[in-house]
Undergrad: 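Please read through the structure below; I'll follow up with questions.
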Amino acid sequence: MRVEKLELKNFRNYEYQSIDFGDGINILYGENAQGKTNVLEALYITATGKSQRTNNYQELVRKGADGFEISLRAAVRDRDCRIDIRYSREKGKHAEVNGIRRNRLSDILGTLNMIFFSPETLDIIKGSPLQRRRFIDVLLCQVSKSYLYSLQQYNRLVRNKSLALKKGRTEKKYDEIIPIWNANISRQGGRIAYVRSRAIRRLNDFMKEEMRKISGGREEPELVYRTYTESGPEADEAYFAESLETKLKDGMDREKELGQCLYGPHRDDIEILLNGLNSRQYCSQGQQRSLALALVLSELRWIEEIKGDRPVLLLDDVMSELDHSRQEYLMMGLKDIQTIITTTDDKNLDRGEFRNAGKYRVVSGTVTRIV
């Protein structure tokens with residue numbers, strides 16, 4: 001995949017901007033609060049329909065404007081592709097793929113594949129289970145429409161069941177409804193857990209390879225999928241669905257007592273170990289950064305394996321978070337991958353892999369190509 005041209009109208013601090021990107025590495029540089037991250041944000045929205053910074057589209061509208069427009073032209077497996085996203089306070093959200101209207105922004109998922117790496121990516125390593133679930137869901141939704149559908153259905157079922165559990169404390173009629181919710185939750189939840197387990201197992205293979213290279217073979221990572229049941233590599237989708245159905249049946253009284261959905265993939269976690277120890281508790285900051293770097297490079301390899309096409313990598317001010325050796329390793333891993341980088345440091349733009357990169361100066365919502 002290759003991003004070719006991005007156009008912004010009234011997006012964040014951009015009144016109008018057109019940017020032509022080159023193959024390989026593209027560097028957006030300038031002082032803080034000039035609009036560098038806003039460009040990456042717009043690119044990420046064209047791939048996922050969501051901002052990595054806010055759930056409120058109104059925050060994306062330039063001050064004094066009624067709405068914004070993002071247009072992206074890209075090449076996907078050598079075919080031209082165009083994504084148009086518009087938002088107005090009066091009409092709401094509008095998305096098109098190659099001129100065809102999409103009913104929901106989530107319908108654009110899978111058209112483009114982009115991976116966002118920022119200092120906040122460390123939160124996947126050291127943050128909450130919610131952040132790790134979000135990480136794996138965004139990754140899987142970009143490559144599988146059926147996973148997106150199952151996730152949407154599952155979340156809706158859990159919300160409805162939660163209401164039924166609360167009402168069931170006083171209204172006995174819900175005793176008959178909850179088992180119906182459970183049957184549907186087991187089917188969709190079983191599929192989610194099955195797909196997650198397979199993806200995490202493959203990411204684990206890639207991550208071990210990357211971390212060995214980063215650490216010179218001194219450190220061994222492990223991704224462990226923590227869900228509602230134990231399983232091995234031979235477990236199929238039916239196993240996960242049946243296990244969840246049994247768990248929900250056995251735990252029904254406890255769920256009614258607490259008025260909460262206690263079992264299912266909405267409670268999952270991905271435990272990230274380093275040399276057998278939990279990375280959140282026992283790793284240094286440097287080790288956590290290495291794990292985050294290895295995880296991002298593993299995502300790139302996994303998406304290419306699944307889709308047969310390399311994704312675009314968006315790096316938001318991560319060079320300042322990595323020491324020289326990790327910077328060099330990252331750059332070596334990005335050969336033949338289009339990468340768009342933001343940085344405030346323009347002192348090292350002519351060294352190593354940066355020497356032949358496209359360079360763009362960003363000042364007060366204006367992007368100017370320098371090289």
Side-chain angles (χ1 to χ4, degrees), residues 104 106-107 109-110 113 129-165 168 174-208 222-258 260-273 298-299 301-308:
R104 296 172 297 185
S106 61
D107 291 339
L109 275 164
N113 292 116
L130 174 63
Q131 289 162 312
R132 286 182 287 280
R133 288 195 298 271
R134 184 180 294 134
F135 150 75
I136 194 65
D137 285 341
V138 169
L139 183 63
L140 287 167
C141 286
Q142 285 198 64
V143 301
S144 174
K145 292 282 189 183
S146 63
Y147 183 84
L148 171 62
Y149 174 80
S150 291
L151 187 65
Q152 290 171 333
Q153 293 298 308
Y154 178 82
N155 289 336
R156 180 179 60 82
L157 289 164
V158 168
R159 284 195 300 270
N160 288 335
K161 180 184 168 184
S162 295
L163 293 173
L165 285 169
Y174 287 99
D175 289 349
E176 298 176 2
I177 296 175
I178 290 173
I180 298 173
W181 293 124
N182 285 347
N184 291 316
I185 285 172
S186 298
R187 184 172 65 256
Q188 302 295 351
R191 173 161 180 74
I192 290 167
Y194 170 67
V195 175
R196 282 180 181 174
S197 69
R198 290 182 61 192
I200 291 167
R201 194 174 296 119
R202 190 65 179 126
L203 283 171
N204 187 47
D205 294 336
F206 288 135
M207 194 166 176
K208 285 178 182 292
E222 184 83 24
L223 299 181
V224 182
Y225 181 38
R226 301 297 187 194
T227 188
Y228 53 84
T229 184
E230 298 292 331
S231 67
E234 72 287 348
D236 59 10
E237 186 176 329
Y239 167 82
F240 282 99
E242 290 165 7
S243 297
L244 182 52
E245 191 166 18
T246 299
K247 195 84 172 180
L248 291 170
K249 183 178 179 181
D250 294 344
M252 189 181 297
D253 289 340
R254 179 158 174 75
E255 285 192 323
K256 288 179 182 177
E257 178 185 348
L258 296 177
Q260 297 179 28
C261 297
L262 300 176
Y263 313 104
H266 63 290
R267 297 272 181 155
D268 283 354
D269 195 4
I270 304 169
E271 191 173 8
I272 303 174
L273 307 176
S298 300
E299 287 182 80
R301 294 177 63 184
W302 184 80
I303 287 181
E304 184 176 2
E305 181 177 84
I306 296 295
K307 301 277 284 192

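When reading the values below, keep in mind they use all heavy atoms of this one structure, side chains included, and skip hydrogens, waters and symmetry mates. Just so we're clear, the structure is a prediction, and the values are computed from it rather than from any experiment.
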Undergrad: Would you say CZ of R198 has more than 12 non-hydrogen atoms from neighbouring residues, nucleotides or ligands within 6.0 angstrom?
TA: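 No, because the 6.0 Å sphere around CZ of R198 holds 12 heavy atoms or fewer from other groups.
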Undergrad: Could you give the distance from CE (M252) to CD (E257), rounded to the nearest 0.5 Å?
TA: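 If we round to the nearest 0.5 Å, M252:CE and E257:CD are 14.5 Å apart.
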Undergrad: Give, for atom CG of L130 and atom CZ of F135, the distance between the pair rounded to the nearest 0.5 Å.
TA: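 Answer rounded to 0.5 Å: 14.0 Å.
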Undergrad: If I compare all heavy atoms of D268 with all of Y228, which pair ends up nearest, and what's the gap?
TA: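 Looking at all heavy atoms of both residues, the shortest contact is OD1-N, 4.2 Å.
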Undergrad: Begin with the C-alpha distance, continue with both residues' side-chain angles, and end with the deciding distance and a verdict on side-chain hydrogen bond (donor to acceptor under 3.5 Å, both in side chains) for Y239 and T229.
TA: CA-CA 9 Å; Y239 167 82; T229 184; 3.0 Å; yes
Undergrad: Do R202 and F206 form a cation-pi contact, if we require the NZ or CZ to be under 6.0 Å from the six-membered ring centre and within 45 degrees of the ring's axis?
TA: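 Output yes; distance and angle both within limits.
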Undergrad: Are E255 and L248 close enough, and set up right, to give a side chain to side chain contact (heavy atoms under 4.5 Å, CB included), and what steps lead you there?
TA: CA-CA 9 Å; E255 285 192 323; L248 291 170; 3.9 Å; yes
Undergrad: One thing to verify: whether D269 and R132 come together as a salt bridge, which I'm taking to mean a side-chain N less than 4.0 angstrom from a carboxylate O.
TA: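 Yes.
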Undergrad: Between atom OG of S231 and atom CZ of F240, what is the distance when rounded to the nearest 0.5 Å?
TA: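 Going from the OG atom of S231 to the CZ atom of F240 covers 3.5 Å.
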Undergrad: Where do A164 and W181 come nearest, in terms of heavy atoms and distance?
TA: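 Looks like CB-NE1, 3.8 Å.
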Undergrad: Any side-chain heavy atom of S186 within less than 4.5 Å of one from K247?
TA: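 S186 does not reach K247 side chain to side chain.
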Undergrad: Is any side-chain heavy atom of Y225 closer than 4.5 Å to a side-chain heavy atom of E271?
TA: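 In short, these two side chains do not touch, never coming nearer than 4.5 Å.
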Undergrad: Among V158, L157, L165, find the one that has a side chain to side chain contact (heavy atoms under 4.5 Å, CB included) with K161.
TA: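 Only match with K161 under side chain to side chain contact (heavy atoms under 4.5 Å, CB included): L165.
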Undergrad: Decide yes or no for S146 and R191: does some side-chain heavy atom of the first lie under 4.5 Å from some side-chain heavy atom of the second?
TA: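 They are in contact (side-chain heavy atoms under 4.5 Å apart), so the answer is yes.
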Undergrad: Is the shortest heavy-atom distance from the side chain of T227 to the side chain of L244 under 4.5 Å?
TA: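 A side-chain contact is absent here, since even the closest heavy-atom pair is not under 4.5 Å.
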Undergrad: Is any NZ, NE, NH1 or NH2 atom of the basic residue among D107 and R104 found under 4.0 Å from an Asp or Glu carboxylate oxygen of the other?
TA: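 The answer is yes: the pair qualifies as a salt bridge.
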Undergrad: Rounded to the nearest 0.5 Å, what's the gap from CD1 on I180 to CG on N160? Could you check?
TA: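 The distance works out to 12.5 Å.
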Undergrad: Measure the shortest side-chain to side-chain distance between L203 and L139 over non-hydrogen atoms and say whether it is less than 4.5 angstrom.
TA: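 Touching, per the 4.5 Å side-chain cut-off.
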Undergrad: Do D137 and R196 meet the salt-bridge criterion of a basic N to acidic O distance under 4.0 Å?
TA: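 Between D137 and R196 there is a salt bridge, with a charged N closer than 4.0 Å to a carboxylate O.
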Undergrad: Just how far is it from atom CD1 of I303 to atom OG of S298, taken to the nearest 0.5 Å?
TA: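 I303 CD1 to S298 OG: 11.5 Å, rounded to 0.5 Å.
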Undergrad: In the structure I gave you, are the side-chain heavy atoms of Y149 and S144 within less than 4.5 Å of one another anywhere?
TA: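 Counting from C-beta outward, Y149 and S144 never come under 4.5 Å.
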Undergrad: Are the charged groups of R187 and E245 less than 4.0 angstrom apart, N to O?
TA: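 The answer is no: the pair does not qualify as a salt bridge.
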Undergrad: Any heavy-atom pair between the side chains of R254 and L258 that's under 4.5 Å?
TA: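 Yes - at least one pair of side-chain heavy atoms lies under 4.5 Å apart.
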Undergrad: Please find the pair of heavy atoms, one from Y154 and one from P265, that lie closest to each other, and give the distance.
TA: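 Smallest interatomic distance, heavy atoms only, reads OH-CD, 3.2 Å.
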Undergrad: Taking C-beta and beyond as the side chain, do K249 and N182 meet within less than 4.5 Å on heavy atoms?
TA: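 Heavy-atom side-chain distance check fails, nothing below 4.5 Å.
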Undergrad: Give the minimum heavy-atom separation between L151 and I192, together with the two atoms involved.
TA: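 It is CA-CD1, 3.8 Å.
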Undergrad: Over all heavy atoms of both residues, which pair between G232 and R201 is shortest? Give the atoms and the distance, please.
TA: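 What the structure gives for the nearest pair is O-NH2, 3.7 Å.
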Undergrad: Taking atom types as modelled, is there a side-chain donor on S162 or Q260 under 3.5 Å from an acceptor on the other?
TA: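 Per modelled atom types, S162 and Q260 side chains form no pair under 3.5 Å.
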Undergrad: Could you go through the side chain to side chain contact (heavy atoms under 4.5 Å, CB included) check for I185 and Y263 one step at a time?
TA: CA-CA 10 Å; I185 285 172; Y263 313 104; over 6 Å; no
Undergrad: For the atom pair CG (N113) and CD (E299), what is the distance rounded to the nearest 0.5 Å?
TA: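 Answer for the CG-CD pair, N113 versus E299, is 11.0 Å.
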Undergrad: Could you pull out the closest heavy-atom pair between H266 and C261, with the gap in Å?
TA: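 Heavy atoms of H266 and C261 come nearest at NE2-O, 2.9 Å.
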Undergrad: Do R156 and Q153 get their side chains close enough for a donor-acceptor pair, meaning under 3.5 Å?
TA: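 Side chains of R156 and Q153: pair found under 3.5 Å.
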